[in-house]
Participant: 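There's a structure below that I have some questions on.
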Amino acid sequence: MEINDDDDVSRRWFNVESVPKSHVFSDEDRPANQQIPLCNTIPIIDLQNNSSNLSETIIQASQEYGFFQVINHGVSEDVISEAIKVMEEIFNMPMEEIKKEVVNNSSGWVYMGSTTFAAKGAHLWRDNLKHPCHPLDECMQRWPRNPPRYRDVVGAYIKEIRRLSLVILELISEGLGLEAGYLGGISQVQFLTASNYPVCPDPTLTLGLLNHFDHSLITILYQGNVEGLQFLKDGKWIGVEAIPNAFLVNIGTQIEIISNGKLRSAAHRVVTNQEAARTTIATFINPSPDCVIQPAKLLINEDNPPIYQPLSFRDFVNVSKPFGPFTDALQNGVCTLKK
């Protein structure tokens with residue numbers, strides 16, 4: 001486990017009156033004084049709508065935006081709220097308590113304090129926790145021991161997210177014309193990444209997360225009731241509304257490859273907030289490390305030749321380093337579980 005060493009109960013890196021120079025991004029990266037409106041045309045998909053065009057609606061949303069929101073997804077409000085609460089508890093723990101995990105933890109769950117490392121010359125305005133989630137029974141044994149209820153609460157949440165992910169992947173498979181279970185069958189790895197974005201004295205200077213793509217099949221995000229997520233569409237940033245108890249589903253680069261570019265992964269970032277803190281939980285639904293990702297054979301022909309070369313997901317991760325300096329530790333944790 002990796003941790004940041006700079007805080008204690010009474011002194012946190014974000015308890016400041018102005019943004020430290022260490023957290024100021026370049027003019028090119030920071031949001032500055034841009035007024036980014038919330039987009040009111042982002043598709044909101046009711047998963048209890050039994051109409052025959054549900055998969056078609058998801059495909060259209062994935063083509064136009066690269067993401068969509070889902071409601072009536074079957075994950076109870078209690079499971080969601082308890083997961084958010086336990087994440088807030090862990091982010092509020094004294095660093096001394098988190099350090100105790102180091103002695104007994106050999107798993108590869110990672111705690112990334114804001115000042116742990118710099119991205120493009122500045123520190124992100126967030127604290128972050130990452131760990132593998134599937135297969136659940138094996139992974140849970142390596143999760144944080146504190147707060148004491150963490151494993152039970154997050155385990156219940158992940159079980160529901162796994163179920164939801166298979167529903168969404170099946171609808172995408174159907175919409176693409178792939179055989180039943182095609183995408184669900186290769187979704188053998190899940191990562192949870194929970195983030196705490198504290199109140200920021202000047203959001204024009206900072207970022208919670210830099211512009212990036214998700215290198216997953218799909219990512220399922222619960223973003224709470226505070227906005228902060230922005231996607232790039234047609235060269236312009238658009239804000240995503242935080243809909244109570246909804247999940248945002250982001251198309252990852254691996255499905256973009258499998259669909260031979262029919263579906264697209266969208267660049268996105270997280271901005272900070274001057275009035276409210278924000279806690280989110282993202283679950284990355286990934287292929288297994290040895291899975292070779294390439295355009296599905298059913299989707300290519302002479303008129304639509306493959307535009308991507310085959311590559312194992314392991315090699316893709318080694319090249320793209322989606323978790324920054326902690327990628328190898330997390331990847332090794334997955335490989336250990338698979339043995």
Side-chain angles (χ1 to χ4, degrees), residues 42-76 79-80 132-137 139 155-192 213-222 243 245-266 281-300 304 308 313 316 334:
I42 295 169
I44 301 172
I45 296 173
D46 184 346
L47 291 181
Q48 289 187 4
N49 181 347
N50 295 320
S51 65
S52 58
N53 65 350
L54 189 57
S55 60
E56 181 181 339
T57 302
I58 287 177
I59 294 300
Q60 289 174 349
S62 302
Q63 289 175 318
E64 183 175 358
Y65 290 91
F67 61 96
F68 50 90
Q69 302 218 53
V70 294
I71 58 174
N72 291 325
H73 39 66
V75 184
S76 77
V79 167
I80 295 170
C133 300
H134 182 77
L136 181 59
D137 289 342
C139 290
Y157 177 84
I158 287 299
K159 189 175 295 184
E160 291 300 306
I161 295 299
R162 177 65 178 167
R163 177 195 58 77
L164 176 60
S165 72
L166 292 174
V167 169
I168 294 169
L169 288 171
E170 189 61 26
L171 287 167
I172 295 174
S173 292
E174 178 184 325
L176 289 172
L178 300 174
E179 62 191 69
Y182 187 97
L183 293 174
I186 63 175
S187 63
Q188 297 302 311
V189 174
Q190 288 181 212
F191 275 107
L192 175 145
F213 294 90
D214 284 356
H215 297 309
S216 55
L217 290 166
I218 57 173
T219 304
I220 298 178
L221 172 72
Y222 182 73
I243 300 173
N245 299 311
F247 287 102
L248 184 132
V249 180
N250 180 25
I251 297 297
T253 56
Q254 304 310 292
I255 279 189
E256 179 173 324
I257 293 169
I258 291 169
S259 71
N260 204 34
K262 183 174 182 178
L263 308 186
R264 71 182 189 91
S265 182
I281 305 175
T283 310
F284 296 85
I285 314 300
N286 295 340
S288 63
D290 294 328
C291 182
V292 176
I293 303 298
Q294 59 188 323
K297 289 182 171 57
L298 285 174
L299 303 181
I300 57 175
N304 185 37
Y308 302 95
F313 187 62
F316 189 97
V334 170

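Computed from a prediction, not measured in an experiment: that's the story for all the values here. Values below: all heavy atoms of this structure, side chains included; hydrogens, waters and symmetry mates excluded.
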Participant: Taking the side chain from Gln69 and the backbone from Ile45, do they hold a donor-acceptor pair closer than 3.5 Å?
Facilitator: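 No; zero donor-acceptor contacts below 3.5 Å.
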Participant: Using a 4.5 Å cut-off on heavy atoms from C-beta on, say whether the side chain of Gln63 contacts that of Leu263.
Facilitator: yes
Participant: Within a strict 4.5 Å, meaning less than it, do heavy atoms of the Leu248 and Ile42 side chains meet?
Facilitator: no
Participant: Please name the pair of heavy atoms, one in Glu170 and one in Ala180, separated by the smallest distance, quoted to 0.1 Å.
Facilitator: OE2-CA, 3.3 Å
Participant: Which heavy-atom pair separates Leu298 from Gly177 by the least distance, and what is that distance?
Facilitator: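 In this case the closest contact between Leu298 and Gly177 is CD1-O, 3.9 Å.
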Participant: Can you find a pair of side-chain heavy atoms, one from Leu183 and one from Ile168, that are under 4.5 Å apart?
Facilitator: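 The answer is no, as the side chains (C-beta and beyond) never meet within the 4.5 Å cut-off.
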Participant: Would you give the length of the straight line joining atom CD1 of Ile161 to atom CG of Leu166, rounded to the nearest 0.5 angstrom?
Facilitator: 11.5 Å
Participant: Supply the atom-to-atom distance Ile293 CD1 to Ile255 CD1, rounded to the nearest 0.5 angstrom.
Facilitator: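 Between Ile293 CD1 and Ile255 CD1, I get 9.5 Å after rounding to 0.5 Å.
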Participant: Compare every heavy atom of Pro132 with every heavy atom of Cys139, then report the nearest pair and how far apart it is.
Facilitator: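 Looking at all heavy atoms of both residues, the shortest contact is CB-O, 3.6 Å.
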Participant: To check you understand the geometry: which heavy-atom pair defines the closest contact between Lys262 and Leu176, and what is its length?
Facilitator: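 Taking every non-hydrogen atom into account, CD-CD2, 3.9 Å.
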Participant: Could you walk me through whether Ser62 and Phe68 satisfy the side chain to side chain contact (heavy atoms under 4.5 Å, CB included) test, starting with their C-alpha distance in whole Å, then the side-chain angles of each, then the deciding distance to 0.1 Å, before giving a yes or no?
Facilitator: CA-CA 7 Å; Ser62 302; Phe68 50 90; 3.6 Å; yes
Participant: What's the separation between atom CZ in Phe284 and atom CG in Leu192, rounded to the nearest 0.5 Å?
Facilitator: 9.0 Å
Participant: Do Ile80 and His73 come close enough that some side-chain heavy atom pair is under 4.5 Å?
Facilitator: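 Yes, at least one pair of side-chain atoms sits under 4.5 Å.
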Participant: Evaluate the ring planes of Phe67 and Tyr65, with Trp represented by its six-membered ring, and classify them as parallel (under 30°), tilted (30 to 60°) or perpendicular (over 60°).
Facilitator: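 Answer is perpendicular, since the angle exceeds 60°.
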Participant: Please assess Ile172 against Leu217 for the test side chain to side chain contact (heavy atoms under 4.5 Å, CB included), listing each intermediate value before the final yes or no.
Facilitator: CA-CA 11 Å; Ile172 295 174; Leu217 290 166; over 6 Å; no
Participant: Quick one: does any side-chain atom of Ser265 pair with a main-chain N or O of Ile251 as donor and acceptor, under 3.5 Å?
Facilitator: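 Present.
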Participant: Give the C-alpha distance, both sets of side-chain angles, the deciding distance and a yes or no for side chain to side chain contact (heavy atoms under 4.5 Å, CB included) between Ser216 and Ile285.
Facilitator: CA-CA 6 Å; Ser216 55; Ile285 314 300; 5.7 Å; no
Participant: Do Gln190 and Ile158 have side-chain heavy atoms sitting under 4.5 Å apart?
Facilitator: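 Yes, close enough: below the 4.5 Å cut-off.
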Participant: Nearest heavy-atom pair of Arg162 and Gln188: which atoms, and what distance?
Facilitator: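 So the two residues come closest at NH2-NE2, 4.4 Å.
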Participant: Working to the nearest 0.5 angstrom, can you tell me the gap between Asn286 CG and His215 NE2?
Facilitator: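 One finds 10.5 Å between CG of Asn286 and NE2 of His215.
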Participant: Can you tell if the side chain of Phe313 reaches within under 4.5 Å of the side chain of Val189, non-hydrogen atoms only?
Facilitator: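 In short, these two side chains do not touch, never coming nearer than 4.5 Å.
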Participant: Enter the distance from Thr219:OG1 to Phe213:CZ here, rounded to the nearest 0.5 Å.
Facilitator: 13.0 Å
Participant: Between Leu136 and Lys159, is there a side-chain heavy-atom distance shorter than 4.5 Å?
Facilitator: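 The answer is yes, as the side chains (C-beta and beyond) meet within the 4.5 Å cut-off.
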Participant: Going by ring pair (Phe, Tyr, Trp, His ring centres under 6.0 Å), name the residues that satisfy it together with Tyr222, two or more places apart in sequence or in a different chain.
Facilitator: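 Listed in chain order: Phe247.
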Participant: With a 4.5 Å cut-off on side-chain heavy atoms, are Val249 and Leu164 touching?
Facilitator: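 In short, these two side chains do not touch, never coming nearer than 4.5 Å.
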Participant: Could you state the interatomic distance from CG (Asn260) to CG (Asn304), rounded to the nearest 0.5 Å?
Facilitator: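 Atom-to-atom, Asn260:CG and Asn304:CG are 5.0 Å apart.
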Participant: Please name the pair of heavy atoms, one in Phe191 and one in Cys133, separated by the smallest distance, quoted to 0.1 Å.
Facilitator: C-SG, 4.0 Å
Participant: Any chance the side chains of Ser259 and Arg264 put a donor and an acceptor closer than 3.5 Å?
Facilitator: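 No, no side-chain donor-acceptor pair sits under 3.5 Å.
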